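What follows is a single structure, written as C-alpha cells, with notes after it.
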Amino acid sequence: MKVLIVGGGGREHALAWKLKQSPSLTQLVCAPGNPGMADLGAQLLGSGEAGHEHVVAWCAQERPDLVVIGPEGPLALGLTDRLTKLGLLVFGPSQAAAQLETSKSYCKAFCARHAIPTAGYAVFEDAPRAKAHLATSGPPFVIKADGLAGGKGVVIAQSYTEANAAIDEILFLRKFGSAGQQVVIEEFMPGEEVSVFALCDGERALFLGAAQDHKRAFDGDKGPNTGGMGAYAPSSIMTPALIDETMRTIIEPALGGMRDEGNPFCGVLFAGLMISEGKPRLIEFNVRFGDPECQTLLPLLEEDLLGLLVTAASGKLHGRAALRWKPGASATIVLAAQGYPESPLLGSVLRGVALAAQAHGVTVFHAGTWRDEDGALRAAGGRVLGINAIGANLQEALDRAYAGARQVDWPGGYFRNDIGWRALH
Ligand code: AMP
Ligand code: GLY
C-alpha cells in the first residue's frame, strides 16, 4: 500500500516508524516529513509542497491507498473532507468532528448534552461579564481561549488579578487572535492527569493505550506549559477498572453523541483526563494522537498499525479484539531548544544523534530538525528530538532513554531530568 503521512513532528515520525514495519506497506510519503522520516526511506514532499492545496493536488494525482493526518491543524482546515471527496481513504476526523478539539465551547456544550463528566464552565465574549463571573467562585481560576492556541491558551490563575489579566489578554489584546473571540472559564479540577487514546471508526472505539505526559518545561513541574516534555506508559494510575470506566463514561458516549449528531468521529480520540479520588473527568478532547504520547505508546504496540488504521478508516472495527501490547514500559524524553516554549533558539547543531539511536532499547524520533547542506543536523523547532526507550519496567525504560539523551551533544538544548517521577515514588 502507498501511504501518505501529513505532518512532520515527533508524532508523525513515530507513525512512520511503526507503519514501516507493516508487511503491506510498499511506499511511504510524508508531507512535509522530517530528516528522521527520510532516514526511514520515506519520500518527503518538503515544506514547499506540504501546504493544504498542494497536498490535495498531490493526492488527486497520486491516489495514495491511505492518508494519515497527524496534527490538528490540517484536520481543523478540513483536509479529511477534501480528500474523502476525492474518494480516498483517510485516517483522521472531518472538520465538523474536529470541533471537539478546535472549539472548547463546542466541546463543553457537547459534554453537557451527553452527560460526559467534566468541569463546570461558562463562556463569555464580554470581558466585564467574564470578570464578574469570577466572583461566583474562588481561585484557582481556569481561563481558556476558545479556539486552537497550540496548548498555550490556558491560564490557571491563582488570584483575581491574574485571572482578570488573562481575560484581558484573550478578549482585549487578542493574544490568540481569532482563537480568543470567546473565553471559557472552568471549575478547577484537582488531581492527576492522564492521556487516554481510542481508535475510532465512526461507530466503535478500541482502547489505544494511556500515557502520562509532563506539560511544564522544567524539573519539579515548574515553568511554563509546553506541548509536552516527556511521557511514560503504561500509566500507573489507569487500572483496568478505570480504563473500563473511561471507555464507558467518556469515550463511548462521545462516539455515540458524534454519530447521533451527524458528525461520526473517525481517527484517534484523545481524552485528556483528570483523575481525582479514583474517578475520571474530562479536561479536554483532542482529535489526534498526543505528542510525545504517540512516540511512547507505539513502541509498545504489538500490532500491524497499517492494518489497524485501514480498518478504522473504512469503518470496520466491529468485532476487532482488544489490542495486544508488549510487556514492560516505555518512556520518552523530549530534547527542546533553549528558550522553548517562549522563544526557542533555532539553528544550533546537534551531534551524537546516531550514537544515541544505538543505545540499548532506544529509538530516536525527530520532531524539529533539519539537515543543512553539509549534512549537519540543526534545531528547527521548539521540541527537537524525542528519545524513546522501552524496558522490562519503567525504571529500566527511563534509564535507557536518559542514557540515550545524554549521548546527544547539544549545548543549544535542554531536557527534564525527572520524567516519570510520579510513577516512581
Ligand atoms: P487544555 O489545553 O485544556 O488541556 O489545558 C492545559 C492544561 O491546563 C491541562 O493539561 C491541565 O493541566 C490544566 N487544566 C485545564 N483545565 C483544567 C481544569 N478545569 N482544572 C484543572 N486543570 C486544568
Ligand atoms: N502532549 C499533549 C498533546 O499532544 O496535546
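Keep in mind it's a predicted model, so treat the numbers as computed, not measured. All ligand and atom numbering here is 1-based and tracks the order in the structure.
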TODO: Number the atoms of ligand 1 from 1 as they appear, then name those within less than 4.0 Å of a heavy atom of Phe188, with their elements.
DONE: 20 (N), 21 (C)
- [ ] Before accepting this row, confirm whether a basic side-chain N of the pair Lys18/Glu303 lies closer than 4.0 Å to the acidic partner's carboxylate O.
- [x] no
Task: Closest protein heavy atom to atom 5 (O) of ligand 2, given as residue, atom name and distance to 0.1 Å - done: Arg288 NH2, 3.0 Å
Task: Parallel, tilted or perpendicular: rings of His13 and Phe365 (30°, 60°) - done: perpendicular
Task: Distance filter under 4.0 Å to Ile156 heavy atoms, resulting ligand 1 atoms - done: 13 (C), 14 (N), 22 (N), 23 (C)
Task: Exam field: side chain Ser330 to backbone Thr296, donor-acceptor pair closer than 3.5 Å - done: yes
Task: Nearest heavy atoms of Pro253 and His114, plus distance in Å - done: CB-O, 4.2 Å
Task: Atoms in ligand 1 with a heavy atom of Glu186 nearer than 4.0 Å - done: 16 (N), 18 (C), 19 (N)
Open item on the list: Using a 4.0 Å cut-off to any heavy atom of Asp213, which atoms of ligand 2 qualify?
Closed with: 1 (N), 2 (C)
Task: Shortest heavy-atom approach to atom 17 (C) of ligand 1 - which of Val154, Val142, Asp213, Asp221 - done: Val142
TODO: State the atoms of ligand 1, each with its element, that fall below the 4.0 Å cut-off from a heavy-atom position in Lys215.
DONE: 10 (O)
TODO: Please collect all ring-ring contact (aromatic ring centres under 6.0 Å, His included) contacts where either partner lies in residues 177-199, sequence neighbours excluded, each pair once.
DONE: Phe197-Phe270, Phe197-Phe289
TODO: To the nearest 0.5 Å, tell me how far Leu306 CG sits from Met1 CE.
DONE: 5.5 Å
Open item on the list: Using modelled atom types and a 3.5 Å cut-off, is there a donor and acceptor pairing between side-chain atoms of Asp219 and backbone atoms of Asn417?
Closed with: yes
TODO: For the residue pair Asp81 and Thr84, establish whether any side-chain heavy-atom pair is separated by less than 4.5 Å.
DONE: no
- [ ] Check ligand 2 against Gly227 and write out every atom of the ligand that is under 4.0 Å from a heavy-atom position of the residue.
- [x] 1 (N), 2 (C)
Open item on the list: As an exercise, identify every atom of ligand 2 less than 4.0 angstrom from a heavy atom of Gly290.
Closed with: 4 (O)
- [ ] Decide, yes or no, whether a salt bridge links Arg281 with Glu187 under the criterion of side-chain N to carboxylate O below 4.0 Å.
- [x] yes
Open item on the list: Show me which atoms of ligand 2 lie under 4.0 Å from any heavy atom of Phe270.
Closed with: 3 (C), 4 (O), 5 (O)
- [ ] Determine whether Pro64 and Cys59 make a side-chain contact, defined as any pair of heavy atoms from C-beta on separated by less than 4.5 Å.
- [x] yes
TODO: With atom 9 (C) of ligand 1 as the reference point, say which of Glu284, Glu193, Met189, Lys104 has the nearest heavy atom.
DONE: Glu193
Open item on the list: Looking at non-hydrogen atoms alone, which of Glu101, Glu187, Lys144, Met274 comes nearest to atom 16 (N) of ligand 1?
Closed with: Lys144
Open item on the list: So for Arg11, does at least one of its heavy atoms come nearer than 4.0 angstrom to any atom of ligand 2?
Closed with: no
- [ ] Return yes or no for this condition: an N or O of Phe289 is under 3.5 Å from an N or O of ligand 2.
- [x] no
Open item on the list: I'd like to check whether Lys215 has a polar contact with ligand 2, where a contact means an N/O of the residue lying under 3.5 Å from an N/O of the ligand.
Closed with: no
